[in-house]
Amino acid sequence: MDNRQAIGSWLSGPRAAAEGMGIDFGYRGERLGLPREGPGSIAPVGRRLAAICVDWLLCALIAYGLLAQGNLATANNWTLAVFTLMSLMTVGTVGMTPGKRLLGLRVVHLSGERLSFPRSALRCLLLALAIPALIWDRDGRGLHDRAAAAVQVRLTGQPAADEPPATAGAA
């Protein structure tokens, strides 16, 4: 084995090394029965991070303006509480936070149905701890999603290559 190849596999990680040996992991969401692309496919990491940033900024503004009376240090303390409450109320009822809605994402149960309120509460409380959300499986789901049997999916997007295009006026 060439030293450059050994270093490259080490830098690329174990997945790249395994794929180099011929192991096929499939696409993200394949094990869950989700499509590769388009509506219902696993939400991309970039969109999920952007959505949480939008939600955090919105919660910080609410905490600063309504709860902290303009005191920045107090607003920082309130932001996590507002974020947790907002996530619980919005994901538990409509399946998405304002940031997720803006970026075309939704949180659903693995069956594709709406996430129940107890599962949503568990997910939101684990998300508030931050660490479970930072540990992902190979489908890109954090421990908070795995514990709640949830997955973040796209609302919109390009249809998968094997799906026929929808015709206008079809019932």
Correct closest heavy-atom pair for A75 and A63 would be O-CB, 3.7 Å
- Task: Report yes if some heavy atom in the side chain of R48 is under 4.5 Å from a heavy atom in the side chain of I42; otherwise report no.
- Result: yes
Residue set satisfying ring pair (Phe, Tyr, Trp, His ring centres under 6.0 Å) with W136, at least two apart, ordered chain then number -> none
Margin query: Between L80 and W56, is the side chain to side chain contact (heavy atoms under 4.5 Å, CB included) condition met? List the steps.
Written below: CA-CA 8 Å; L80 180 61; W56 191 264; 4.1 Å; yes
On a heavy-atom basis, the closest approach of L115 and A148 is CD1-O, 3.8 Å
Original post:
Any side-chain heavy atom of L127 sitting closer than 4.5 Å to one from I52?
Top reply: yes
Grouping ILVMFWY residues whenever side-chain heavy atoms fall under 4.5 Å, the cluster of L102 otherwise contains V54
| message | Tell me whether W78 at atom CH2 has more than 12 heavy atoms from other residues, nucleotides or ligands lying less than 6.0 Å away. | response | no
* **Single-linkage hydrophobic cluster, 4.5 Å side-chain cutoff, L129 and L122 together** => yes
| field | Side-chain donor or acceptor of T90 paired with backbone N/O of M86 under 3.5 Å | value | yes
With distance as the sole test, does R123 use its side chain to make a donor-acceptor pair with the main-chain N or O of P118 at under 3.5 Å?
-> no
Side-chain donor/acceptor of R106 to backbone N/O of V94, under 3.5 Å:
yes
Exercise. For A150, does its backbone N or O pair with a side-chain atom of R119 as donor and acceptor, under 3.5 Å?
Worked result: no
Heavy atoms of L88 and A121 approach each other most closely as CD1-CA, 3.4 Å
Exercise for the section: For D145 and V151, indicate whether the former's side chain and the latter's backbone hold a donor-acceptor pair under 3.5 Å. Expected result: no
message: With side chain to side chain contact (heavy atoms under 4.5 Å, CB included) as the criterion, how do L105 and V153 come out once you've worked through the C-alpha distance, each side chain's angles and the decisive distance to 0.1 Å?
response: CA-CA 6 Å; L105 307 177; V153 297; over 6 Å; no
Polar side-chain atom of R114 near backbone of V107 as donor-acceptor pair, under 3.5 Å:
no
* To do: Report yes if some heavy atom in the side chain of K100 is under 4.5 Å from a heavy atom in the side chain of L155; otherwise report no.
  => no
Only one of I135, L125, L126 passes side chain to side chain contact (heavy atoms under 4.5 Å, CB included) with H144, and that residue is L126
Could you tell me if the side chain of D137 sits less than 4.5 Å from the side chain of R146, heavy atoms only?
yes
Closest non-hydrogen atoms of P98 and L58, given as atom of the first, atom of the second and distance, are CG-CD2, 3.9 Å
Determine whether L103 and M96 satisfy the following criterion, side chain to side chain contact (heavy atoms under 4.5 Å, CB included), listing intermediate values before the conclusion. CA-CA 10 Å; L103 291 160; M96 64 188 92; over 6 Å; no
Closest non-hydrogen atoms of T84 and A128, given as atom of the first, atom of the second and distance, are OG1-CB, 3.3 Å
Shortest non-hydrogen pair, S41 vs G38, comes out as OG-O, 2.7 Å
List, one per line, each side-chain donor-acceptor pair under 3.5 Å for residues 64-72, sequence neighbours excluded.
{"unit_1": "Y64", "atom_1": "OH", "unit_2": "G70", "atom_2": "O", "d": "3.4"}
{"unit_1": "N71", "atom_1": "OD1", "unit_2": "A73", "atom_2": "N", "d": "3.2"}
{"unit_1": "N71", "atom_1": "ND2", "unit_2": "T74", "atom_2": "OG1", "d": "3.1"}

